[in-house]
Amino acid sequence: MPPDTDPASDKSSYSVQEIMDRLKHEGGSGGSRRRRSVQQKVVTKKRRQFGLIFIFLAVFLVLGAIVVFQMLNRARIEGEMFRQAVSQQLGSLLGVEVDCDRLRPDGLYSLSSPNLRLKSSANVLKEGLAKNLAASMTSTSFWRDEWDILTLSMDEASLTFRPLVPQGSSTGRAASVPLAAKDGFRMGLSSAPAVVTIQNLQCANLNLAWPGSGEKTNRIQGLTASGSFTEQTFKVQASGGRWTGGIWPDVPVETISFTYRDGHAEIENARFRTGEKTRIRVSGPIDFTPAGPQGELDVKIDPVPLTDLMSPVWQRRLHGKYSPGTARYTITPGALDEFSGDFTMDGLVLEKMPGLAALSKFFKSQLYEKLEFRQFSAHFKRTNESLIVDKIKAMRHGECILTGAIEIKRDGALSGTLRLALNTIETGLPQFSGEEDGLDLIDFTLSGTETDPQDSLSEKFPAPATPPEAK
């Protein structure tokens with residue numbers, strides 16, 4: 001039996017056997033005493049619980065700090081001081097005055113602004129406006145003194161250029177003052193980035209305008225453009241617009257790509273369509289000097305029917321295949337833009353002119369109603385004011401030669417001085433000025449308009465009088 005454990009017992013001492021029996025009795029009956037291994041497990045569990053609580057609190061504090069930082073940074077970016085600092089720094093980098101509307105962070109690494117305006121009193125760019133801008137930036141842009149923009153998109157951009165830089169300006173180039181990039185960590189987006197790069201620039205509607213001759217304005221409108229801006233260099237590719245007000249009245253723009261840096265533009269490829277199938281390709285440099293822009297561009301035109309290049313009033317008078325030679329587009333400060341070059345034609349046919357009808361009636365031969373030339377070569381020069389075709393040489397071996405020059409004004413006025421050499425049966429006629437290589441020479445002039453051309457052949461070869469009818 002177990003020893004007596006009654007507390008009320010007056011037994012004050014126990015024998016060794018009783019103590020051992022009592023301990024055995026307590027161990028066998030499931031007492032509350034824990035072994036050392038059980039205690040270690042409990043301590044480990046409590047430590048894990050405290051560790052998880054600590055990690056949770058740390059994460060909560062970090063996330064809270066990030067949220068607070070984002071709120072403070074958002075308030076700073078949307079503030080007026082930040083907007084003014086960004087406008088000033090962008091203006092310094094571009095060499096123009098920049099004024100952007102309120103900036104707004106749309107995400108963790110993105111910005112937007114309703115409008116951005118450009119203005120300059122001495123730069124080649126007079127003014128500009130970009131609408132609904134949205135920029136997606138790299139994460140490093142928010143921690144370093146630079147803006148690395150992955151994508152910058154805008155709904156519309158309109159740029160207006162001036163023809164001449166005001167006198168007293170030392171240069172017509174952009175007064176860019178790039179600052180040295182600063183190394184090191186910073187908190188938040190810089191309001192004065194030392195470096196700005198745009199990896200992908202997108203514009204849904206790009207419009208360009210620059211003054212032409214007189215009060216006319218050249219415009220290229222409705223371009224869909226893309227490009228980039230790195231190391232102070234713009235690279236732009238665009239398509240789908242129309243060129244109005246230039247040498248040609250209205251020309252669709254198929255594609256145009258160019259690079260611009262520090263007052264120098266290099267047109268790498270530009271293609272325009274002047275007829276249903278006619279393509280004009282342009283490439284070359286343009287420099288913006290203190291006196292104005294200047295450059296000589298290389299122009300290539302694929303061989304096409306002459307009717308694709310001429311106005312409708314001439315399409316029924318001239319026929320043949322146009323084969324271009326060298327051509328160039330020249331831009332000179334203070335002068336009209338000039339498109340000029342040499343060209344040849346195969347199988348030129350000239351008909352339905354008043355002088356030809358007079359020759360045919362005078363000589364009573366249908367050979368002169370339509371002049372056909374196997375070989376034709378000439379030089380042309382076209383500006384906003386007129387089209388001049390000179391150094392004309394048209395030949396039909398041994399029978400007919402035409403030389404001279406003509407000019408067609410923008411309003412349609414026609415003028416020219418030509419020489420015609422014919423193989424005629426008649427000799428010694430007063431209308432002819434001489435003879436060369438067995439051909440009779442006659443000089444005549446053109447006048448009137450494109451729609452109503454006149455020439456002096458009609459006066460020199462009047463229709464023979466009709467004999468009176470026999471009574």
Side-chain angles (χ1 to χ4, degrees), residues 86 90 93-96 98 100-101 103-104 106-107 109-118 123-141 146-161 174 176 178 193 195-210 218-244 246 251-273 279-286 288 295 297:
V86 169
L90 292 180
L93 291 172
L94 298 176
V96 297
V98 176
C100 63
D101 288 348
L103 295 168
R104 183 185 300 274
D106 293 329
Y109 301 119
S110 61
L111 289 176
S112 66
S113 178
N115 296 292
L116 185 144
R117 289 166 289 274
L118 307 175
N123 196 277
V124 66
L125 178 65
K126 182 180 180 181
E127 58 186 5
L129 174 63
K131 298 181 179 180
N132 296 329
L133 296 91
S136 174
M137 313 174 77
T138 62
S139 59
T140 57
S141 300
E146 60 185 39
W147 284 15
D148 186 5
I149 302 175
L150 294 173
T151 302
L152 175 61
S153 62
M154 58 193 75
D155 290 347
E156 181 180 347
S158 299
L159 303 176
T160 301
F161 301 89
S176 302
V195 177
V196 176
T197 60
I198 305 173
Q199 299 183 29
N200 184 18
L201 176 64
Q202 299 286 339
C203 180
N205 185 13
L206 175 62
N207 305 306
L208 308 175
W210 66 97
N218 288 282
R219 300 182 187 276
I220 298 181
Q221 297 177 305
L223 292 169
T224 300
S226 62
S228 63
F229 176 71
T230 57
E231 297 181 354
Q232 304 300 109
T233 301
F234 278 102
K235 292 186 177 181
V236 179
Q237 303 86 36
S239 61
R242 301 191 73 88
W243 179 11
T244 60
V251 179
V253 179
E254 290 193 342
T255 61
I256 181 171
S257 60
F258 64 90
T259 301
Y260 177 85
R261 177 183 173 88
D262 194 24
H264 177 81
E266 185 73 27
I267 298 178
E268 297 157 357
N269 180 34
R271 290 191 299 175
F272 306 93
R273 190 172 71 247
R279 302 293 188 273
I280 295 180
R281 292 169 292 170
V282 180
S283 61
I286 298 177
F288 297 93
L297 307 177

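Excluded from the calculations below are hydrogen atoms, water molecules and symmetry mates; all remaining heavy atoms, backbone and side chain alike, are included. Owing to the predicted nature of the structure, the values given are computational and were not obtained by experimental measurement.
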Any side-chain heavy atom of F272 sitting closer than 4.5 Å to one from V282? yes
With side chain to side chain contact (heavy atoms under 4.5 Å, CB included) as the criterion, how do L111 and R104 come out once you've worked through the C-alpha distance, each side chain's angles and the decisive distance to 0.1 Å?
CA-CA 6 Å; L111 289 176; R104 183 185 300 274; over 6 Å; no
| query | Can T140 and Y109 be said to form a side chain to side chain contact (heavy atoms under 4.5 Å, CB included), step by step? | reply | CA-CA 9 Å; T140 57; Y109 301 119; over 6 Å; no
Here the gap from L208 atom CG to T160 atom OG1, rounded to the nearest 0.5 Å, amounts to 9.0 Å
The test is side chain to side chain contact (heavy atoms under 4.5 Å, CB included); show your working for L129 and L116 and say whether it passes.
CA-CA 6 Å; L129 174 63; L116 185 144; over 6 Å; no
Is any side-chain heavy atom of R273 closer than 4.5 Å to a side-chain heavy atom of E254?
yes
Heavy-atom distance under 4.5 Å between the side chains of I286 and L297, does that happen here? yes
For L118 and L159 the tightest heavy-atom approach is CD1-CD2, 4.3 Å
Donor-acceptor contacts under 3.5 Å from residues 147-155 side chains, at least two apart:
{"from": "W147", "atom 1": "NE1", "to": "S190", "atom 2": "O", "distance (Å)": "3.0"}
{"from": "D148", "atom 1": "OD1", "to": "T197", "atom 2": "OG1", "distance (Å)": "3.0"}
{"from": "D148", "atom 1": "OD1", "to": "Q199", "atom 2": "NE2", "distance (Å)": "3.0"}
{"from": "D148", "atom 1": "OD2", "to": "Q199", "atom 2": "NE2", "distance (Å)": "3.4"}
{"from": "D155", "atom 1": "OD2", "to": "N132", "atom 2": "ND2", "distance (Å)": "2.7"}

Checklist entry - Checking E268 side chain against Q237 main chain: does a donor-acceptor pair fall under 3.5 Å? => result no
Could you tell me if the side chain of V86 sits less than 4.5 Å from the side chain of L103, heavy atoms only? yes
Closest heavy-atom pair, P193 versus L93, reported as atoms and distance to 0.1 Å, is O-CD1, 4.1 Å
- Any side-chain heavy-atom pair from I198 and S228 closer than 4.5 angstrom? no
What I'd like to find out is whether the side chain of N205 reaches to under 4.5 Å of the side chain of T224, using heavy atoms alone. no
Worksheet item: Taking C-beta and beyond as the side chain, do L201 and F229 meet within less than 4.5 Å on heavy atoms?
Response: no
All heavy atoms of W243 vs all of V253, minimum pair found to be N-CG2, 3.9 Å
OG1 (T259) and CD (E266) are apart, to the nearest 0.5 Å, by 7.5 Å
(Q) Regarding N269 and S257, do their side chains bring together a donor and an acceptor under 3.5 Å, going by distance alone? (A) no
Closest non-hydrogen contact found for A130 with L133 is O-CD1, 3.5 Å
Scanning both residues in full, the closest heavy-atom pair of R219 with A209 reads NH1-CB, 3.9 Å
CD of E146 to OG1 of T138, rounded to nearest 0.5 Å, is 7.0 Å
**Prompt:** Stepwise, does the side chain to side chain contact (heavy atoms under 4.5 Å, CB included) test hold for V196 with L90?
**Reply:** CA-CA 9 Å; V196 176; L90 292 180; 4.2 Å; yes
Check your understanding: Taking the side chain as C-beta and beyond, is there a heavy-atom pair between Q232 and D262 under 4.5 Å?
Key -> no
Exercise. Could you tell me whether the side chain of S141 and the main chain of S139 form a donor-acceptor pair under 3.5 Å?
Key: no
R117 and D101 have their tightest heavy-atom pair at NH2-OD1, 2.5 Å
Rounded to the nearest 0.5 angstrom, the CD1-CD1 distance for I220 and I256 is 5.0 Å
